[in-house]
Amino acid sequence: MSWWVLHVDMDQFIAAVEIRRRPELRGLPVVVGGSGDPTLPRQVVATASYEARAFGIRSGMPVRAAYKKCPDAVFLPSDPAAYDAASAEVMDTLRTFPVVVEVWGWDECFVGAETDDPETLAAEFRAAVVERTGLTCCVGIGDNKTRAKLATNFAKLSNTSGDGNGIYRLTAANWREVMDHRPVRDLWGIGARMEHNLNELGLTTVADLAAADVDTLKKRFGPNMGTWYAALGRGLGDTQLTDVPREPVSRSHEETFPSDLVERPDVERELRRIALEVTREVVAEGRTVQRVSVKVRFINFYTPIKSRKLKSSTQDPELVATTALSILEKFTLNRPIRLLGVRVEFVPSPLI
DNA sequence: TCTGGGGTCCTCCTTCGG
DNA sequence: TCTGCCGAAGGAGGACCC
């Protein structure tokens with residue numbers, strides 16, 4: 001028996017949950033995001049069903065732009081509580097197998113398993129999830145997390161093109177054949193900015209990155225990240241999984257206002273409200289705040305963030321709100337404001 | 001097109017005290 | 001008393017992910 005890492009990723013999760021509770025939407029273009037009113041500005045698409053994607057609608061697109069592309073689509077507001085519950089159903093289903101389930105968000109998780117036949121296990125996962133929840137997923141199989149996560153992309157491609165079974169295996173054995181010619185952007189953890197930086201070093205493909213001089217990468221991106229990128233090019237990654245949920249380190253609330261805030265008393269009132277809200281929330285969960293950050297987004301999208309560590313940690317919402325207002329003094333408020341946000345960082349829980 | 005919200009982690013710079 | 005070095009901590013900013 002060998003140790004395998006499987007990555008389970010739900011298909012169009014949020015849209016699928018909405019369609020599950022409203023079956024009449026099946027086959028229709030469904031767009032979830034914002035308030036559900038596609039004529040309002042300053043909202044973006046959280047998820048689009050495959051039918052909506054056929055119209056060119058994508059996650060992150062302004063809802064109004066989606067509405068222009070497909071006015072007949074069904075537009076729904078986001079319902080995080082429903083996605084939480086559906087996600088728990090999926091994870092509980094996977095936990096019925098003798099495996100380690102490491103949750104990575106609503107719609108995905110890594111699963112560690114001892115098996116000689118990971119494909120059969122992956123097929124059993126897919127069957128169990130659809131049977132117990134009515135939701136479908138794809139499974140990437142790898143010899144570490146990096147490869148399992150990337151394998152899921154190929155599983156999705158084969159699944160949507162109809163010539164696969166929603167399962168794909170990517171290991172050291174086929175890494176170079178599958179990945180060598182692909183752009184570095186295809187790697188998990190390389191975004192647009194890092195792709196640009198790597199391209200500047202003449203590294204455009206995964207093979208280039210794999211062959212790159214580690215010291216050059218360390219000099220350019222720092223010791224940790226340089227080492228990490230070199231490993232990424234060769235498909236190396238974590239093989240250890242844990243089913244212990246990670247302790248959150250912070251909580252934030254931010255709000256884009258329907259119309260810009262111009263008057264200082266309005267800015268202060270809204271900032272205070274957000275600070276009180278987020279603090280009450282975390283205190284209700286037994287957390288203690290040790291640091292407060294304030295985010296301000298001006299109409300030109302310039303978004304500075306400033307923070308302050310509290311003299312002593314607190315559970316007092318008023319103190320956090322007062323601190324947020326004092327941090328506001330550090331900003332030059334010379335333009336209308338479209339967004340305010342407050343983040344509170346927690347005192348780490350003592351290790352048991 | 002006009003660009004949400006909620007997270008985590010890393011690096012770099014500055015400050016401060018020994 | 002002044003200077004330099006060093007590490008820790010604070011703070012800003014950036015990048016990435018879903």
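Each chain gets a letter, A, B and so on, in the order the sequences are listed, and its residues count up from 1.
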Worksheet item: Of A:T256 and A:N224, whose nearest nucleotide on DNA chain B comes first from the 5' end?
Response: A:T256

Practice prompt. On the 0 to 90° scale, with breaks at 30° and 60°, tag the A:Y168-A:F154 ring pair as parallel, tilted or perpendicular.
Written response: tilted

Worksheet, complete the sentence: In whole angstroms, the gap separating P of B:dG5 from CD1 of A:I305 amounts to 13 Å

Item to complete: Looking only at side-chain atoms of A:K68, point me to the closest of B:dT1, C:dG11, B:dT3.
Response: B:dT1

Worksheet item: Among C:dC18, B:dT3, B:dG6, which nucleotide sits nearest the side chain of A:W188?
Response: C:dC18

Fill in: Rounded distance (Å) that lies between atom P of B:dC2 and atom OH of A:Y67
15 Å

Fill in: Between P of B:dG4 and CD1 of A:I14, the distance in whole Å
16 Å

Worksheet entry | Separation of the P atoms in B:dT3 and C:dC17, to the nearest angstrom | 24 Å

Worksheet item: So with a 6.0 Å cut-off around CZ of A:R176, is the heavy-atom count from everything else above 12?
Response: no

Discussion item. C:dA12, OP1 or OP2 - any side-chain N/O from A:K295 closer than 4.0 Å?
Written reply: no

Practice prompt. Establish, with yes or no, whether the OP1 or OP2 oxygen of B:dG7 is under 4.0 angstrom from a side-chain nitrogen or oxygen of A:R251.
Written response: yes

Response to the item:
Checking B:dT11, B:dT8, B:dG4 against the side chain of A:M225 (C-beta onward), the nearest is B:dT11

Practice prompt. Answer yes or no: is there a side-chain heavy-atom contact under 4.5 Å between A:M10 and A:E108?
Written response: no

Discussion item. What's A:K69 touching, base or sugar-phosphate or nothing? Going by heavy atoms closer than 4.0 Å.
Written reply: nothing

Worksheet item: Name the one of A:N224, A:I190, A:V214, A:N197 that satisfies side-chain contact (heavy atoms from CB on, under 4.5 Å) with A:Y229?
Response: A:I190

Worksheet item: Counting side-chain heavy atoms from C-beta on, which of B:dT3, B:dG5, B:dT11 comes nearest to A:L339?
Response: B:dG5

Worksheet item: Across the strands shown, which category fits A:A46 at heavy-atom distances under 4.0 angstrom: base, sugar-phosphate, nothing?
Response: nothing

Item to complete: Could you work out which one of B:dT8, B:dG5, C:dA12 sits closest to the side chain of A:K306?
Response: C:dA12

Discussion item. Just the rounded figure in Å: distance from P of B:dC10 to CZ of A:R220.
Written reply: 19 Å

Worksheet item: When all nucleic acid strands are considered with a 4.0 Å heavy-atom cut-off, which category describes A:R246: base, sugar-phosphate, or nothing?
Response: sugar-phosphate

Discussion item. In whole Å, I'd like the distance from the CZ atom of A:R297 to the C1' atom of B:dC2.
Written reply: 12 Å

Practice prompt. For C:dA12, take OP1 and OP2 only and decide whether either is under 4.0 Å from a side-chain N or O of A:K330.
Written response: yes

Discussion item. OP1 or OP2 of C:dA12 versus the side-chain N and O atoms of A:R308: is any pair under 4.0 Å?
Written reply: no

Worksheet item: Within less than 4.0 Å of OP1 or OP2 of B:dT3, is there a side-chain N or O belonging to A:R338?
Response: yes

Worksheet item: Using a cut-off of 4.0 Å on non-hydrogen atoms, how would the nucleic acid contact of A:V63 be classed: base, sugar-phosphate, or nothing?
Response: nothing

Discussion item. Is there a side-chain contact between A:R193 and the phosphate of C:dA15, meaning an N or O under 4.0 Å from OP1 or OP2?
Written reply: yes

Discussion item. Parallel, tilted or perpendicular, judged at 30° and 60°: which one describes the rings of A:F13 and A:W106?
Written reply: tilted

Worksheet item: Within this structure, what is the CG-to-C1' distance between A:L340 and B:dG4, rounded to whole angstrom?
Response: 14 Å

Discussion item. Does a side-chain N or O of A:R343 approach OP1 or OP2 of B:dG5 to a distance below 4.0 Å, or not?
Written reply: no

Practice prompt. Sticking with atom P, work out how far C:dC18 lies from B:dT1, rounded to a whole angstrom.
Written response: 27 Å

Discussion item. Over 60° means perpendicular and under 30° means parallel, so tell me whether A:W188 and A:W104 are parallel, tilted or perpendicular.
Written reply: tilted

Worksheet item: So what does A:G105 hit on the nucleic acid, given a heavy-atom distance under 4.0 Å: a base, only sugar-phosphate, or nothing?
Response: nothing

Discussion item. As a test of reading the structure: which of C:dC17, B:dG4, C:dG10 is closest to the side chain of A:R185, going by heavy atoms?
Written reply: C:dC17

Item to complete: Would you tell me if any nitrogen or oxygen in the side chain of A:S59 comes within less than 4.0 Å of OP1 or OP2 on C:dC18?
Response: no

Worksheet item: OP1, OP2 of B:dC2 versus side-chain N and O of A:R64: anything below 4.0 Å?
Response: yes

Worksheet item: Taking atom types as modelled, is there a side-chain donor on A:R291 or A:S307 under 3.5 Å from an acceptor on the other?
Response: yes

Worksheet entry | Among B:dT11, C:dC18, B:dT8, the one nearest A:P223 by side-chain distance | B:dT11

Worksheet item: Choosing from C:dG13, C:dC18, B:dG4, which nucleotide comes nearest the side chain of A:P304?
Response: C:dG13

Worksheet item: With a centroid cutoff of 5.5 Å and a plane-angle limit of 30°, would you call A:W104 stacked on C:dC18?
Response: no

Worksheet item: Does C:dT1 sit syn or anti, given that only angles within 90° of 0 count as syn?
Response: anti

Worksheet item: Parallel, tilted or perpendicular for A:Y67 and A:F75, by the 30°/60° rule?
Response: perpendicular

Discussion item. Tell me the interatomic distance from A:Y83, atom OH, to B:dG5, atom P, rounded to whole angstroms.
Written reply: 16 Å

Worksheet item: Of A:F221 and A:S250, whose closest DNA chain B nucleotide lies nearer the 5' terminus?
Response: A:S250

Practice prompt. Let me know the distance between NZ of A:K309 and C1' of B:dT15, rounded to the nearest Å.
Written response: 15 Å

